[in-house]
Amino acid sequence: MSSEPLYLEDTARRTFEATVESVAGDRVVLDRTCFYPTGGGQPHDTGRLRDGTGREWRVADVTKKGDILHTLDGDPPDPGTAVTGEIDWERRYAHMRYHTAQHLLSAVLLERYDAETTGNQLYDDHAHLDCAYERFERSDLDRIEARVNELVAEARAVRWYSLDREAAEASLDPARTRIHLLPDSITEVRIVEIGGADDDHPFDRTACAGTHVADTGAVGTMEVTGRRTQGSAEERIEFVLR
Ligand SMILES: [Zn+2]
């Protein structure tokens, strides 16, 4: 049995009760978890687990390799132990803001420059995004930044839900989601939408298994801090949130 990923539905949840399912070295699998594992350009959560006797472990790393593995400091609890988990909220919330900003930026790059996103990496205090484009001038970066901040100021709703793969493949824009790159084993796709004119016409709709804020207003002011060439016809845009 693999862990129930609580972070997919309720991204604002910080604490949870769980049972240790298995232990391998300093890594434990829980029956359910709020700890986000590294993936999709978003770093893992950190935090702590506690048992009923007051013992506490630091969660230093979280990866997903089939199961979600929590790397702990010190001797891990035995299988069957009931634990309370708590994620470091400041770090996670920053990741949610940056991840949502990345969706806005990707959508604006398509909207204004027909530039598809090819990669992204976010941290809790900066991020970068790669896209298929020749070369941005500073005036382009200023326009991109202004458009993203306009969407932030409009406080658009962000929502997420899962869709079976066939329906997702039939309805997702291939410029926004390279769904054919998902492994065949994925039968349910998580969709993330940023509100548009109405529910049938979202501003952006893509497949993503990361965590996001529920309203673009929470992203904060975005500032493009730089750009660089990532090989031919690929640009990297660097940004921070204030
Ligand atoms: Zn995302």
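Counting starts at 1 for both ligands and their atoms, following the listed order.
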2.8 Å shell around the Zn ion (ligand 1), exclusive bound, protein N/O/S atoms = 4
key: Ion pair D142/R138, N-O distance below 4.0 Å   = yes
Pairing residues for S171 by the side chain to side chain donor-acceptor pair (under 3.5 Å) criterion, not counting sequence neighbours = R205
task = Under the side chain to side chain donor-acceptor pair (under 3.5 Å) rule, collect the residues that match up with T11, sequence neighbours excluded.
result = none
message = Could you tell me if R32 sits above the aromatic ring of F16, with its cationic atom closer than 6.0 Å to the ring centre and no more than 45 degrees from the axis?
response = no
query = Applying side-chain hydrogen bond (donor to acceptor under 3.5 Å, both in side chains), which residue pairs with at least one partner in residues 178-187 are found, sequence neighbours left out?
reply = none
message = Can you confirm whether I191 sits close enough to W160 that some side-chain heavy atom of one is under 4.5 Å from a side-chain heavy atom of the other?
response = no
